[in-house]
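These notes concern the structure reproduced below.
Computation of the quantities below employed the complete heavy-atom set of this structure, encompassing side-chain atoms and omitting hydrogens, waters and symmetry-equivalent molecules.
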Amino acid sequence: MKLKLLSILVAATAATNAFADDAEQVEQKTWEVTSELGAIITSGNTETTTLKGGIKVLHHLERWNNEYKIDGIYKEDEVENDDGTKDKQRTNEKYAISAQGNYKLNEKHSHLFIYGSHVSDYFGAYRSESVVSAGYGRRLINEDTMWLNAEVGPGYKRFKYPDESSEVDDNGNSLAGEFEGEIIALGKLDYNWQISDNARFTQLVTVEYGDTNTKTRSETALLAKINGSLQMKVAYNIINNSDVADDKESTDTETSLTLVYSF
């Protein structure tokens with residue numbers, strides 16, 4: 001697959017400039033589009049390539065607030081073989097897409113939501129994961145410079161074990177490449193603090209609780225404005241799975257520096 005999917009993502013990121021201009025001409029406050037892109041390429045004694053990109057679209061309607069997201073990361077590292085030769089190998093590749101619709105209730109700052117997502121991860125604890133969920137959300141803190149939203153609801157997750165997984169079922173049969181599904185409970189906390197006109201802090205925590213596995217995701221980020229539309233983002237991501245194969249780590253972390261363009 002190499003850079004194919006991420007190349008499409010990067011191209012879409014560039015194309016959103018024209019999309020946003022057209023949308024703003026029709027309804028300036030209806031659409032909000034944010035694109036994020038970062039790249040690290042080194043050569044010489046060590047050769048690495050890391051690409052990270054994403055697009056988030058918010059669509060505000062009279063009774064609905066909708067959010068659409070797509071993001072991905074691709075990494076190659078140069079490794080030395082037993083015979084002394086060097087080759088570039090893919091060491092990380094993950095793509096995610098999600099959509100959520102929030103239906104506004106008459107109660108202020110509260111909503112019902114429906115959510116769906118799919119993650120394809122070539123090096124994670126699970127090869128792929130698809131989630132559908134619905135539930136209730138409300139704003140717990142609503143100040144001039146900060147807010148905190150919370151959401152909770154039931155859902156269903158379908159996931160696939162990696163082809164090389166060492167996991168086995170209760171009968172001792174290998175689960176490598178097999179699909180499983182389970183009912184889950186989903187909870188999310190989304191915190192935003194506008195520190196100043198040029199700096200913003202965000203914290204997002206999501207928990208997917210199930211009998212087979214509980215997955216916890218956290219993103220801690222600081223955004224600094226460069227100009228009216230361009231920001232620099234420093235983020236620290238943590239993904240923890242409570243139950244993984246013996247040859248997998250339960251916690252993955254990622255530190256990233258990206259540019260964010262909003263329009």
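Under the salt bridge (charged side-chain N to carboxylate O under 4.0 Å, His left out) criterion, Glu167 pairs with no residue, sequence neighbours left out. Looking at residues two or more places apart in sequence or on another chain, you find no ring-ring contact (aromatic ring centres under 6.0 Å, His included) involving His118. With sequence neighbours excluded, the residues forming a ring-ring contact (aromatic ring centres under 6.0 Å, His included) with Tyr161 are Tyr126, Phe159, listed by chain and number. For the salt bridge (charged side-chain N to carboxylate O under 4.0 Å, His left out) test, residues two or more places apart in sequence or in another chain that qualify with Arg138 are Glu107. Partners of Trp64 according to the ring-ring contact (aromatic ring centres under 6.0 Å, His included) rule, which considers only residues two or more places apart in sequence or in another chain, are Tyr103. In terms of the salt bridge (charged side-chain N to carboxylate O under 4.0 Å, His left out) criterion, residue partners of Glu219 (sequence neighbours excluded) are, by chain and number, Lys233.
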Next item on the list: Take Glu208 and Arg217, measure what salt bridge (charged side-chain N to carboxylate O under 4.0 Å, His left out) needs, and give me the verdict at the end.
Entry: CA-CA 9 Å; Glu208 299 168 0; Arg217 292 175 292 171; 3.1 Å; yes
Next item on the list: Please step through side-chain contact (heavy atoms from CB on, under 4.5 Å) for the pair Leu230 and Tyr261, ending with a clear verdict.
Entry: CA-CA 5 Å; Leu230 189 63; Tyr261 187 80; 4.3 Å; yes
Checklist line | Stepwise side-chain contact (heavy atoms from CB on, under 4.5 Å) test for Lys94 and Ile239 | finding: CA-CA 13 Å; Lys94 179 168 64 176; Ile239 298 178; 3.3 Å; yes
Note to self: Please evaluate residues Asn102 and Glu151 with respect to the criterion side-chain contact (heavy atoms from CB on, under 4.5 Å), reporting the C-alpha separation (whole Å), side-chain torsions for both, the decisive distance (0.1 Å), and the verdict.
What the structure shows: CA-CA 11 Å; Asn102 295 336; Glu151 292 177 343; 3.9 Å; yes
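Gln194 and Thr145 share no side-chain donor-acceptor pair at under 3.5 Å. No side-chain donor-acceptor contact under 3.5 Å links Asp87 and Gln89. A side-chain donor-acceptor contact under 3.5 Å links Asn240 and Thr251. Side-chain atoms of Thr212 and Lys157 include no donor-acceptor pair closer than 3.5 Å.
Following chains of ILVMFWY side-chain contacts shorter than 4.5 Å, one can reach Val57 starting from Leu259, so the two form part of one hydrophobic cluster. Ile226 and Val33 end up in the same hydrophobic cluster when Ile, Leu, Val, Met, Phe, Trp and Tyr side chains are linked at under 4.5 Å.
Applying the 6.0 Å contact sphere to CH2 of Trp193 captures no more than 12 heavy atoms from other residues, nucleotides or ligands. Counting heavy-atom neighbours within 6.0 Å of Tyr209 OH, excluding the residue itself, gives a total of 12 or less.
Taking the side chain as every heavy atom from C-beta outward, Lys225 and Asp197 never approach each other to under 4.5 Å. No side-chain heavy atom of Lys248 sits under 4.5 Å from any side-chain heavy atom of Asn241. Side chains of Glu76 and Glu47 form no contact here, defined as non-hydrogen atoms less than 4.5 Å apart. Counting heavy atoms from C-beta on, the side chains of Lys104 and Asn65 come closer than 4.5 Å. Side-chain contact between Tyr156 and Ile183: present, with at least one pair of heavy atoms (C-beta onward) separated by less than 4.5 Å. Contact of the Ile40 side chain with the Leu257 side chain is not registered, since no non-hydrogen atoms from C-beta on lie closer than 4.5 Å.
A donor-acceptor pair is defined here as one N or O able to donate and one able to accept, closer than 3.5 Å; such a pair exists between the side chain of Asp83 and the backbone of Thr85. A donor-acceptor pair under 3.5 Å links the side-chain atoms of Asp169 to the main chain of Asn171, judged by distance alone. With hydrogens and angles disregarded, a donor-acceptor distance shorter than 3.5 Å links the side chain of Asp121 to the backbone of Phe123. With hydrogens and angles ignored, the 3.5 Å screen pairs no side-chain donor or acceptor of Asp190 with any backbone N or O of Leu204.
When all heavy atoms of Pro154 and Ser133 are compared, the closest pair comes out as O-OG, 2.9 Å. The nearest pair of heavy atoms linking Leu189 to Ala150 is CD2-CB, 3.6 Å. The two residues Ser218 and Val205 have their closest heavy-atom pair at OG-CG2, 4.2 Å. Considering all non-hydrogen atoms of both residues, Pro162 and Ala125 come closest at CD-O, 3.4 Å.
Salt-bridge check for Asp77 with Lys75: passed, with a basic side-chain N closer than 4.0 Å to an acidic carboxylate O. Using a cut-off of 4.0 Å between Lys/Arg side-chain N and Asp/Glu carboxylate O, Glu32 and Lys56 are scored as not salt-bridged.
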